[in-house]
Colleague: 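Handing you this structure, nothing more for now.
For clarity, every value in this text was computed on a predicted model and none was experimentally measured. Proteins get letters first, then strands, A, B, ... in listed order; numbering begins at 1 in each.
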Protein chains: 2
Amino acid sequence: MDLTFSIDRGSPVPLYFQLSQQLEAAIEHGELLPGTLLGNEIDLAGRLGLSRPTVRQAIQVLVDKGLLVRRRGVGTQVVHSRVRRPLELSSLYDDLESAGQRPATRVLSIEETEAPAEVAAALGLAEGTPVRRVERLRLTHGEDPIARLRNYLPLDLLTLTHADLEATGLYRLMRAAGTTLHSARQSIGAKAATATEAAALAEEPGAPLLTMQRTAFDDTGRAVEYGTHLYRASRYAFELQLLIRP
Amino acid sequence: MDLTFSIDRGSPVPLYFQLSQQLEAAIEHGELLPGTLLGNEIDLAGRLGLSRPTVRQAIQVLVDKGLLVRRRGVGTQVVHSRVRRPLELSSLYDDLESAGQRPATRVLSIEETEAPAEVAAALGLAEGTPVRRVERLRLTHGEDPIARLRNYLPLDLLTLTHADLEATGLYRLMRAAGTTLHSARQSIGAKAATATEAAALAEEPGAPLLTMQRTAFDDTGRAVEYGTHLYRASRYAFELQLLIRP
DNA sequence: GAGTGGTCTAGACCACAGG
DNA sequence: CTGTGGTCTAGACCACTCC
């Protein structure tokens with residue numbers, strides 16, 4: 001533990017966050033190897049000119065990320081590799097964010113419709129309430145289709161254009177419109193492709209498809225998006241990492 | 001906010017945890033309705049005879065669970081319904097824990113084999129290292145099969161018997177043997193059933209199956225279990241809730 | 001301007017792990 | 001026994017939101 005961390009008290013970045021970022025970088029770059037003890041919190045605080053609660057807060061951030069483990073009477077250790085680069089919300093970020101980079105997006109339609117029962121229930125609206133429906137195709141570099149994405153949104157949240165959606169991704173647009181996504185609930189299943197679905201996705205009828213339904217909630221717990229998506233099983237899988245609460 | 005919380009300083013339960021539990025119960029029972037402001041932290045601390053950091057710690061627990069939202073300059077609010085009862089790690093708990101309750105388990109085999117490449121890579125062992133392989137069938141009340149579960153474990157972790165596995169579930173057994181699960185990494189996909197798989201699961205060949213591969217890690221980041229499982233898409237879906245980090 | 005959460009300090013005592 | 005993290009206190013100043 002002869003690493004040096006530098007804390008800049010003039011920065012607007014919180015001290016605990018400066019420290020946690022530098023710790024994370026050191027772990028990521030292999031300067032802190034798996035199993036390494038971090039040294040006790042009080043010494044660390046003294047060396048950095050911080051108080052112990054501030055150091056604890058920094059460490060807690062990485063414990064929450066699964067990079068460090070605390071053991072009472074022992075110390076704080078770097079976790080034994082592999083639990084890295086979480087890909088955290090692969091599905092959600094890949095679907096909603098996707099800044100028009102790797103996978104291309106083709107917008108099939110943007111329409112105002114009356115919410116079917118399933119959608120109304122998910123969004124907490126009355127059946128038949130007008131909502132916006134967006135259908136998109138996700139493609140690999142303009143070639144093979146990967147997924148058909150169908151999203152429903154309340155009308156008052158934002159306005160959508162084909163150009164925006166093909167350039168920027170739904171998530172960024174919602175964020176720009178002032179909506180902060182906070183949590184989401186997903187259900188992942190599988191089914192055999194119907195003839196229509198197969199045609200849209202360049203598969204054979206009966207081919208296995210992954211299905212995903214998601215409801216996303218903002219800050220206040222309001223449902224701001226419901227999506228029901230289809231993925232070609234031959235081209236896509238959901239990666240996810242989870243921490244287990246004791 | 002005329003609720004009364006009682007803090008017992010004689011209890012071994014941490015004060016912040018006593019408070020967070022009572023808050024959670026109040027929310028769960030509808031005594032604190034969605035949207036309710038909690039009242040500022042300093043007053044709350046004063047009323048309870050606690051310090052502000054302790055109250056903050058209690059609130060933070062519920063923020064992490066997605067039950068409360070903090071807004072600077074505004075206050076702390078109860079989230080607008082629906083984001084409740086997370087089903088948190090449905091897949092993992094359902095698969096590993098399963099105290100022999102709802103879904104029945106039939107143990108097909110427990111064998112010592114040499115780790116194939118895929119398993120060795122996941123567990124961080126050399127290819128060909130001896131490992132324990134467990135195959136189980138998950139059934140609804142002894143009738144229809146739901147899933148075929150295949151797990152690989154290092155030999156030194158614990159010993160397994162058919163009786164134990166049908167009664168208690170792998171997760172509990174590992175815990176009893178001193179292993180604390182800490183995090184897991186999963187991949188969820190889909191495929192068409194082969195003839196063999198179809199026969200085991202009472203499906204037609206070609207029927208869609210959900211596939212899941214999982215590597216579970218303990219405290220120290222050591223890989224302690226690798227599983228590759230098949231679920232009948234007609235009977236099973238993964239439910240999961242995730243929080244989004246800003 | 002008033003009120004809120006966000007951050008930070010400098011201490012303290014306790015519970016648990018290990019030799 | 002010593003050393004560790006776990007909890008807790010009583011303050012302080014700041015940044016933000018809303019009126």
Colleague: Can you tell me how far C1' of D:dG5 sits from CG of A:L38, to the nearest Å?
Modeller: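 The distance from CG of A:L38 to C1' of D:dG5 comes to 12 Å, rounded to the nearest Å.
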Colleague: Starting at CG of A:L37 and ending at P of D:dG5, how long is that distance when rounded to a whole Å?
Modeller: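 The answer, rounded to whole Å, is 8 Å.
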Colleague: Name the nucleic acid region contacted by A:R71, choosing base, sugar-phosphate or nothing; use a 4.0 angstrom heavy-atom cut-off, strictly under.
Modeller: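 Sugar-phosphate only.
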Colleague: Flag the pair B:D64 and B:R70 as a salt bridge only when some basic side-chain nitrogen lies within less than 4.0 angstrom of an acidic carboxylate oxygen.
Modeller: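 So B:D64 does not pair with B:R70 through a salt bridge.
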Colleague: Flag the pair A:R132 and A:E225 as a salt bridge only when some basic side-chain nitrogen lies within less than 4.0 angstrom of an acidic carboxylate oxygen.
Modeller: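 Looking at A:R132 and A:E225, the cut-off is not met.
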Colleague: Whole angstrom is fine here: how far is it from CZ in A:R72 over to C1' in D:dT2?
Modeller: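 Between C1' of D:dT2 and CZ of A:R72: 16 Å.
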Colleague: Using a 4.0 Å heavy-atom cut-off, does B:P14 contact any base of the nucleic acid, only the sugar-phosphate backbone, or nothing at all?
Modeller: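 Since only primed, P, OP1 and OP2 atoms lie under 4.0 Å of B:P14, the category is sugar-phosphate.
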Colleague: Determine the contact category for B:L15: base if any of its heavy atoms lies under 4.0 Å from a base atom, sugar-phosphate if only primed atoms, P, OP1 or OP2 are that close, otherwise nothing.
Modeller: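 Sugar-phosphate contact only - B:L15 comes under 4.0 Å of backbone atoms but never of a base.
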Colleague: Heavy-atom nearest nucleotide on DNA chain D for B:G73 versus B:R9: which residue maps closer to 5'?
Modeller: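 The residue whose closest nucleotide sits nearer the 5' end is B:R9.
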Colleague: Quick test of your reading of the model: are A:R133 and A:E112 salt-bridged, counting only N-O distances below 4.0 Å?
Modeller: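 A salt bridge is absent here (no side-chain N lies under 4.0 Å from a carboxylate O).
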Colleague: Which side-chain hydrogen bond (donor to acceptor under 3.5 Å, both in side chains) pairs, counting each pair once, include a residue from residues 114-127 of chain A, with sequence neighbours left out?
Modeller: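 For residues 114-127 of chain A: A:E118-A:Y226.
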Colleague: Apply the salt bridge (Lys or Arg N to Asp or Glu O under 4.0 Å) test between A:E41 and each candidate in A:R47, A:R52, A:R72; give the one that qualifies.
Modeller: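 The option that passes is A:R52.
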Colleague: For A:S51 and for B:N40, find the nucleotide of DNA chain C with the closest heavy atom, then tell me which residue's nucleotide is more 5'.
Modeller: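 Mapping each residue to its closest nucleotide by heavy atoms, the 5'-most match is B:N40.
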Colleague: Relative to the 5' end of DNA chain D, which residue comes earlier, B:Q57 or B:R52, by the nucleotide with the nearest heavy atom?
Modeller: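 Between the two, 5'-proximity favours B:Q57.
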Colleague: What is the 5' to 3' range of DNA chain C, first to last nucleotide, that sits under 4.0 Å from any heavy atom of chain A?
Modeller: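 Nucleotide range with atoms under 4.0 Å of chain A: C:dT7 to C:dA17.
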Colleague: Just to be sure I understand the rule, does A:R56 reach a base, reach only the sugar-phosphate, or reach nothing, if contact means heavy atoms closer than 4.0 Å?
Modeller: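 Base, at least one base atom sits under 4.0 Å.
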Colleague: Ignoring hydrogens and angles, tell me if any N or O in the side chain of B:Q77 forms a donor-acceptor pair with the backbone of B:T36 under 3.5 Å.
Modeller: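 Between the backbone of B:T36 and the side chain of B:Q77 there is no qualifying donor-acceptor contact (under 3.5 Å).
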Colleague: Would one find a side-chain N or O of A:T76 under 4.0 angstrom from OP1 or OP2 of D:dG5?
Modeller: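 So the side-chain polar atoms of A:T76 do come within 4.0 Å of the phosphate oxygens OP1 or OP2 of D:dG5, strictly under.
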Colleague: Run the salt-bridge test on A:D164 and A:R136 with the 4.0 Å N-O cut-off and return the result as yes or no.
Modeller: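 No, this pair does not count.
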